[in-house]
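Before any comments, here is the structure.
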Amino acid sequence: MNIALLASGKGSNVKNILSFFKENNDGNKICLIATNNPNSPVRDYALGYQTPSVLFTKQELNKEGYLIDLMESYQIDLVVLAGFLLMIPIDFIKHFKGKIINIHPSLLPKYGGKGMYGDHVHRAVLKNNESTSGITFHYVNENYDEGEIISQFEVSLSQEETLASLKHKIDVLEKTHYPLVISSISNE
Ligand code: GRF
């Protein structure tokens, strides 16, 4: 499958996925990296892996047909969101139904929805003294973090858990599982 990665931030998942598929070429190929953030390092990561990248504005993203045309121009079969913070336009979700996946750093439906990303999620988990947290992989639909769940992976939290220790536990889960989840979907 031809895969596109969309990101808005640090891009550590993009970097990890690029590296994984460079070594584990099981018939899948990262064909495009796209971002809305000119300051995200993901386009540099793409360069390092000879992978095309595109920077688009929020206005372009929301232009009817823009994302459909972009993905078709790279013959993309699967769109992978990795810290992409904008809403995916509804025309694209309908056109690419069942072929857009996302990762969320909590056990959805808990701690999901608009505004729940990054540290906001972890701070809410700690504030509620949760004994577990984790990550959720899900298909993308027209509502934030509400698409069909693909898989979830849990970690236990200690009484002394800090923001830094929780973020590290979540990061290890993300880096371990995202490439494998993508592989399993693209080999379905
Ligand atoms: C990750 O925590 C992921 O769960 C969420 O956004 C963050 C992306 O981090 N969707 P990075 O930009 O890949 O470092």
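In listed order, ligands and their atoms are each counted from 1. Everything numeric in this text was worked out from a predicted model, so none of it was measured.
Closest to atom 12 (O) of ligand 1, if we only count protein heavy atoms, is G11 N, 2.8 Å. Looking only at heavy atoms of the protein, atom 9 (O) of ligand 1 is closest to N13 ND2, 3.8 Å. For atom 10 (N) of ligand 1, the nearest non-hydrogen atom of the protein is I103 O, 3.0 Å.
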* To do: Using the salt bridge (Lys or Arg N to Asp or Glu O under 4.0 Å) rule, take K99 and D77 through it: C-alpha gap first, then chi angles, then the decisive distance, then the call.
  => CA-CA 7 Å; K99 296 189 284 186; D77 304 301; over 6 Å; no

* Working for side-chain contact (heavy atoms from CB on, under 4.5 Å), residues N36 and L61 -> CA-CA 8 Å; N36 62 299; L61 175 70; 6.0 Å; no

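Note: F137 and F153 have perpendicular aromatic rings, judged against thresholds of 30 and 60 degrees for the angle between ring planes. Note: Y117 and H120 have perpendicular aromatic rings, judged against thresholds of 30 and 60 degrees for the angle between ring planes.
Annotation: H104 places no N or O atom under 3.5 Å from an N or O atom of ligand 1; distance criterion only. An N or O contact shorter than 3.5 Å is missing between V14 and ligand 1 by distance.
V54 and I88 fall within the same hydrophobic cluster, defined by Ile, Leu, Val, Met, Phe, Trp and Tyr side-chain heavy atoms under 4.5 Å apart, directly or through other members. At a threshold of 4.5 Å between side-chain heavy atoms, the hydrophobic network of Ile, Leu, Val, Met, Phe, Trp and Tyr places V140 and I135 in two separate groups.
For the residues G83, S8, S12, the heavy atom positioned nearest atom 11 (P) of ligand 1 is part of S12.
For ligand 1, the atoms sitting less than 4.0 Å from at least one non-hydrogen atom of E174 are 1 (C), 2 (O), 3 (C), 4 (O), numbered in the order shown with element in parentheses. Those atoms of ligand 1 that come under 4.0 Å of a heavy atom in P105, given as number and element, are 4 (O).
Note on ligand 1: A7 sits outside its first shell, no heavy atom being nearer than 4.0 Å.
No more than 12 heavy atoms of other residues, nucleotides or ligands shown are found within 6.0 angstrom of CD on Q75.
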